[in-house]
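For reference, the structure discussed in these notes is given below.
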Amino acid sequence: MGFKFKGIGWGIIFLITAVVYSTIPTYLIIRFWVWLNSFPVYTLSLFMLFLWIVAIIIVLIYIVAMIRAFIQRNNEEGLGIPKGVKGFGLVSSIIILSFMLIWYIIFNQIAFFSMIPP
């Protein structure tokens, strides 16, 4: 019985991580794309595009981990998900969500989504 809740819990954490790593970079790259391309050297925009692609790869990894956690929730031997994937997902989600919560408490704005191009 405890394995079922553990698998569902990790699946929810992986879903939150995938949502965070898909929405924030996508929003920022769309919002700041014109500003990034206003520089005479396009190195910064290419670097940001590279980081966005890396974020998409991370999202795909966490979607697969979420599906695996939900499917193998009844497995008594464990979920089969590496500790690094679990640790990175948990720690990064806690850091980003707590930053967003603190930002909202202090400035009454949603962090990352309230940013405007200079």
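Only this structure's heavy atoms are used, side chains among them; waters, hydrogens and symmetry mates stay out.
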With hydrophobic residues grouped by side-chain heavy-atom distances under 4.5 Å, do [X] and [Y] end up in a single group?
| X | Y | result |
| --- | --- | --- |
| I67 | I56 | yes |
| V20 | I30 | yes |
| W33 | F50 | yes |
| I71 | I63 | yes |
| F39 | F47 | yes |

Please name all residues satisfying ring-ring contact (aromatic ring centres under 6.0 Å, His included) with [X], sequence neighbours left out, ordered by chain then number.
| X | answer |
| --- | --- |
| F14 | W10, Y62 |
| W103 | F99, F107 |
| F113 | Y27 |

With the side chain counted from C-beta on, respond yes when [X] and [Y] share a heavy-atom pair under 4.5 Å apart, and no when they do not.
| X | Y | value |
| --- | --- | --- |
| M100 | I24 | yes |
| P118 | W35 | yes |
| L51 | P25 | no |

Please report the shortest heavy-atom distance between [X] and [Y], naming the atom on each side.
| X | Y | result |
| --- | --- | --- |
| T26 | W52 | OG1-NE1, 3.1 Å |
| T17 | S93 | OG1-OG, 2.6 Å |
| A65 | I81 | O-CD1, 3.5 Å |
| I29 | L49 | CD1-N, 4.1 Å |

ask   = What's the verdict on side chain to side chain contact (heavy atoms under 4.5 Å, CB included) for M66 and I13, showing C-alpha distance, side-chain angles and the deciding distance?
value = CA-CA 8 Å; M66 175 193 65; I13 290 172; over 6 Å; no
message = For the backbone of A111 and the side chain of S114, can you confirm whether one donor and one acceptor N or O come within less than 3.5 Å of each other?
response =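 Not a single qualifying donor-acceptor pair exists.
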Mind checking who shares a hydrophobic cluster with [X], ILVMFWY linked at side-chain heavy-atom distances under 4.5 Å?
| X | answer |
| --- | --- |
| L101 | I105 |
| V91 | I95 |
| V64 | none |

key: Residue pair I96, Y21: steps toward the side chain to side chain contact (heavy atoms under 4.5 Å, CB included) verdict   = CA-CA 10 Å; I96 291 174; Y21 279 100; 4.1 Å; yes
